[in-house]
Every structure is written in structure tokens, then in C-alpha cells.
Amino acid sequence: MKTISAIVVGTGFGSRVHVPALRAAGFEVVALVGRNEEKLARKAADNAIPDHFTDLGEAISATGAELVTIATTPDTHAPLAHQAIERGCHVLCEKPYAFDAAEGEALVAAAERKRIVHMVAHEFRWLPERALFGRAIREGLIGEPRFLAMDQFIPFCADPSTRLPSWWFEKGAGGGWLGAGGSHQIDQICDWFGDFRSLSANLFTVSDRPEGAEDSYSMRFVMKNGMEGSLQQSAGAWGPPASLCRCAGTKGSVWLDGDKVFLADSTGTRQLEVPPELELPKPPLTDDPAVAKRLAQFELGPFTRLAETMKDLIEGRPAQDCVTPPTFHDGLACTKIMDAMRSSAAQGGALLTL
């Protein structure tokens with residue numbers, strides 16, 4: 001079977017993660033697309049990519065690529081994705097894949113009309129501990145899930161002097177921690193438990209920085225299966241990261257402790273072992289253990305599994321059933337929840353039925 005050619009749009013996360021993950025999955029990266037010619041040329045050379053373009057349409061015409069991956073600011077996702085879809089390319093788009101639900105619905109319709117393979121970069125579904133957590137729930141190990149708590153403190157944006165992409169704090173560009181971090185968490189909840197029934201939310205800023213998009217959010221919600229829960233995350237909290245992810249059900253509880261999964265029920269408490277099919281690929285060789293862990297767990301490892309699944313689907317093979325692939329349909333479901341959270345926050349945390 002011939003090698004599938006891919007174009008990567010984006011010189012930041014796109015060149016750092018998309019490119020090596022696509023190659024590890026067996027794709028041929030034939031071009032890099034961006035806006036700055038000088039930066040493009042440098043990034044293409046650094047990553048041994050044979051060509052670069054400032055126009056996606058030109059890149060598709062020149063290379064005949066079958067896959068386009070998009071790693072740009074959220075406000076540009078939909079126009080770029082539509083351009084690729086209309087050319088008949090398969091599309092892998094970073095989250096949030098659309099600026100709002102209206103854009104998302106149009107993308108789903110276009111992708112389905114062209115019958116292309118479409119996925120959203122919710123690669124953290126492949127983190128072994130998250131996949132194992134979800135498997136424990138699906139297999140009924142805690143009975144009917146009744147209560148979920150997902151809380152996280154991250155120092156990412158705490159120091160205003162930290163150099164970060166400026167668009168992260170620009171609402172018009174799709175910035176804000178709800179889209180950057182919350183989209184992953186919301187997608188995970190949908191993947192584990194299904195659809196939301198109602199929610200109440202707030203968006204706010206914890207760090208000492210000027211007006212702009214939020215660095216924190218909170219939400220209380222009820223799922224259609226009756227489970228209640230809370231989701232809170234701040235990227236502006238000084239100190240070491242801290243998190244809680246725990247679900248209580250009628251017959252037991254399951255929770256995360258770092259990258260370990262524990263289960264408690266009437267027989268006691270035990271750690272659940274990660275089976276071979278949920279393990280991530282080995283990280284690239286490096287002398288720094290911290291870098292190796294970051295590459296394996298938070299960047300290349302999960303994204304490589306995402307890319308491998310994309311390749312299976314493009315080549316007509318069914319995806320492995322250990323992790324459900326996140327499609328544009330999942331991206332739309334996530335976007336609708338984020339829209340509802342913003343609406344609730346604008347109304348002072350009003351309770352909204354979905």
C-alpha cells in the first residue's frame with residue numbers, strides 16, 4: 001500500500017508534534033504551511049520537510065497530499081478545514097476545531113458530504129490512565145456512575161512574564177483556557193459518560209494579568225445518565241500542579257493518582273494495571289528523563305496513537321476498539337458544551353438545560 005502524504009499547517013505545535021507523530025505513524029510529510037516565509041523556510045529545513053507554502057490551496061495542488069493537519073489559532077480552523085475538505089483531503093484538526101457550534105455544524109456537514117476521514121486532536125484519550133479509567137466505568141466495575149469530580153491547578157499562566165503565544169489571551173482569536181485546556185476535559189467526560197443534560201458555569205482569571213481571555217473556569221453539571229459532577233481548572237495557579245479525578249458509583253469508586261488508576265469496592269482497594277494495548281510508544285532517545293516523560297505522555301506518545309488511528313481509517317481498516325477515535329462529531333459535541341458554558345457565565349452562572 002502506498003505511503004499517504006500529509007501537509008501540516010502550523011509552525012509551532014504543528015512542526016514540533018504533528019510532524020514527528022505523523023512520521024512515526026507512517027505518513028510522509030510533504031509540506032509545511034504557515035504565514036511567515038522566513039520562519040516557514042527555517043522550520044521546514046529543521047524538520048527535513050521538502051517544501052513549504054504560505055497558501056494551503058497551493059500546497060495541496062503542488063503536492064497532491066491526501067491528509068491535511070491543522071495546528072493554527074482556533075479562529076482559522078474552520079476556513080482552513082473547509083479548504084482542505086473541498087479538495088477532498090482527509091482532515092485532522094487541533095481543538096477546539098471550530099470557533100462556535102455554528103462553525104462546527106458546517107464542518108461536520110462538509111466532511112460528511114465529501115466522505116473524508118475527519119478527526120479532532122483530542123489525543124489525550126490515548127493517555128493510558130485515562131483510557132483505563134474509562135474502561136473501568138464501561139465494564140461496570142463501579143456500578144452506575146453517580147458523581148464525578150475533576151479539579152486541576154496548573155501554574156502554566158501564573159507568571160504574567162512567562163512567554164506565551166499572545167493569541168492565548170485574545171478572545172477574538174479563540175484564546176482562553178476553556179478552549180485550550182477545558183476542551184480536552186469536556187471531550188473526556190463526553191467519551192466516558194455520554195451527553196450533558198444541564199450545566200452552570202463561570203469563566204474567570206486567577207493570574208495577575210491584564211484584561212483578556214480567561215485562564216480558569218468552573219462548571220457544575222448533570223449528565224443524561226443522571227450522574228452529577230464538577231469540573232474546575234485553573235492554568236493561573238502558582239505552585240506545583242495538583243489534580244483530582246475521581247468517580248463514585250453504586251458499587252465502587254475509580255480515581256487517578258498521577259499516571260496510576262485505583263479502584264475501591266466491597267473487596268477493598270487495588271491498583272488497575274495498564275494492559276499492553278493501552279501502552280504508549282517509547283519516546284525518542286534523550287538523556288533527560290523529564291523530557292522523555294513529557295514526550296511520551298503529553299506530546300508524541302498520545303499524538304502518535306491518534307495519527308496511527310487516522311491512518312487506519314484512511315486505509316479502510318477499522319480503528320482499534322481500545323480507544324474511540326475523536327471525530328468532528330465529538331468536536332461539535334464539545335463545542336456545544338463550551339458555547340453553553342460561555343452563555344451561562346455571561347448570565348452570572350445561570351443553570352442551562354441542553
S.K.: Does any N or O in the side chain of Ser61 come within less than 3.5 Å of the main-chain N or O of Gly57, such that one atom is a donor and the other an acceptor?
M.R.: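 Side chain of Ser61 to backbone of Gly57: a pair is present.
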
S.K.: Restricting to non-hydrogen atoms, name the atom on Ala237 and the atom on Ala158 that form the minimum distance, rounded to 0.1 Å.
M.R.: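 That would be C-CB, 3.9 Å.
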
S.K.: Taking only Lys NZ, Arg NE, NH1 and NH2, and the carboxylate oxygens of Asp or Glu, determine whether Glu277 and Arg135 approach each other closer than 4.0 Å.
M.R.: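 Counted as a salt bridge, because a side-chain N and a carboxylate O are separated by less than 4.0 Å.
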
S.K.: Please determine whether a side-chain nitrogen of the Lys or Arg among Glu86 and Arg113 lies less than 4.0 Å from a carboxylate oxygen of the Asp or Glu.
M.R.: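 Looking at Arg113 together with Glu86, the answer is yes, because their closest N to O distance falls below 4.0 Å.
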
S.K.: How close do Leu40 and Gly34 get, heavy atom to heavy atom, and via which atoms?
M.R.: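 Smallest heavy-atom distance, with atoms named: CD2-N, 3.4 Å.
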
S.K.: Rounded to the nearest 0.5 Å, what separates atom CG in Leu256 from atom CG in Leu244?
M.R.: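 Answer rounded to 0.5 Å: 9.0 Å.
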
S.K.: Salt bridge or not for Arg125 and Asp187, using N-O below 4.0 Å?
M.R.: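 Answer for the salt bridge query: yes.
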
S.K.: Please determine whether a side-chain nitrogen of the Lys or Arg among Glu66 and Lys2 lies less than 4.0 Å from a carboxylate oxygen of the Asp or Glu.
M.R.: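 A salt bridge links Glu66 with Lys2.
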
S.K.: Would you call Lys251-Glu144 a salt bridge at under 4.0 Å N-O?
M.R.: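 The answer is no: the pair does not qualify as a salt bridge.
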
S.K.: When rounded to the nearest 0.5 angstrom, what distance separates CG in Leu199 from OG in Ser230?
M.R.: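 If I round to the nearest 0.5 Å, the distance is 13.0 Å.
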
S.K.: Of the non-hydrogen atoms in Cys157 and Ser207, which two are nearest, and what is the gap between them?
M.R.: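 For Cys157 versus Ser207, the nearest heavy atoms are O-CB, 3.4 Å.
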
S.K.: In Å and rounded to the nearest 0.5 Å, what is the CD to CD1 distance from Gln83 to Ile60?
M.R.: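 Separation between the atoms: 6.0 Å.
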
S.K.: Evaluate the criterion ring-ring contact (aromatic ring centres under 6.0 Å, His included) for residue pair His18 and Phe303; output intermediate values, then yes/no.
M.R.: CA-CA 7 Å; His18 284 218; Phe303 212 98; 4.5 Å; yes

S.K.: Specify the closest pair of heavy atoms between Trp126 and Thr309, including all atoms of both residues, with the distance to one decimal.
M.R.: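 Heavy atoms only, the tightest pair is CZ2-OG1, 3.3 Å.
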
S.K.: Using the rule that Ile, Leu, Val, Met, Phe, Trp and Tyr join whenever any side-chain heavy atoms are under 4.5 Å apart, tell me whether Val30 and Ile116 fall into a single cluster.
M.R.: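 Yes; Ile116 is reachable from Val30 via cluster members.
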
S.K.: Any salt bridge between Asp265 and Arg270, counting N to O under 4.0 Å?
M.R.: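 Yes.
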
S.K.: OG/Ser216 to CG/Leu203 distance, rounded to the nearest 0.5 angstrom?
M.R.: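 Taking OG in Ser216 and CG in Leu203, the distance rounds to 9.5 Å.
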
S.K.: Measuring only between side-chain heavy atoms, which start at C-beta, is Val254 closer than 4.5 Å to Phe262?
M.R.: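 No, side chains not in contact.
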
S.K.: When you look at Met341 and Ile186, which way does the side-chain contact (heavy atoms from CB on, under 4.5 Å) test go after all the steps?
M.R.: CA-CA 11 Å; Met341 290 176 68; Ile186 294 165; 3.7 Å; yes

S.K.: Does the Ser344 side chain pair with the main chain of Ala340, one donor and one acceptor, at a distance under 3.5 Å?
M.R.: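 A pair under 3.5 Å: no.
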
S.K.: If you look at every heavy atom in Ala111 and His118, which pair is closest and at what distance?
M.R.: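 The pair with the smallest heavy-atom distance is CB-CD2, 3.5 Å.
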
S.K.: Under the ring pair (Phe, Tyr, Trp, His ring centres under 6.0 Å) rule, collect the residues that match up with Phe27, sequence neighbours excluded.
M.R.: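 Partners of Phe27 by the ring pair (Phe, Tyr, Trp, His ring centres under 6.0 Å) criterion come out as none, since no residue qualifies.
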
S.K.: Output yes when Lys311 and Glu308 qualify as a salt bridge under the 4.0 Å nitrogen-oxygen rule, no when they do not.
M.R.: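 Looking at Lys311 and Glu308, the cut-off is not met.
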
S.K.: Taking the six-membered ring for Trp, are His184 and His122 parallel (under 30°), tilted (30 to 60°) or perpendicular (over 60°)?
M.R.: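 Geometry flag for His122 against His184: perpendicular rings.
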
S.K.: Without swapping roles, check the side chain of Glu58 against the backbone of Thr54 for a donor-acceptor pair under 3.5 Å.
M.R.: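 Not confirmed, Glu58 side chain does not pair with Thr54 backbone.
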
S.K.: Using the rule that Ile, Leu, Val, Met, Phe, Trp and Tyr join whenever any side-chain heavy atoms are under 4.5 Å apart, tell me whether Met338 and Met219 fall into a single cluster.
M.R.: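 Yes, one cluster joins them.
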
S.K.: Do the two ring centres, one from Tyr217 and one from Phe204, sit under 6.0 Å apart?
M.R.: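 Between Phe204 and Tyr217, which both carry aromatic rings, the centre distance is not below 6.0 Å.
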
S.K.: With a 6.0 Å cut-off on the ring centroids, do Trp192 and Phe133 count as close?
M.R.: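 When the ring centroids of Trp192 and Phe133 are compared, they turn out to be within the sub-6.0 Å range.
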
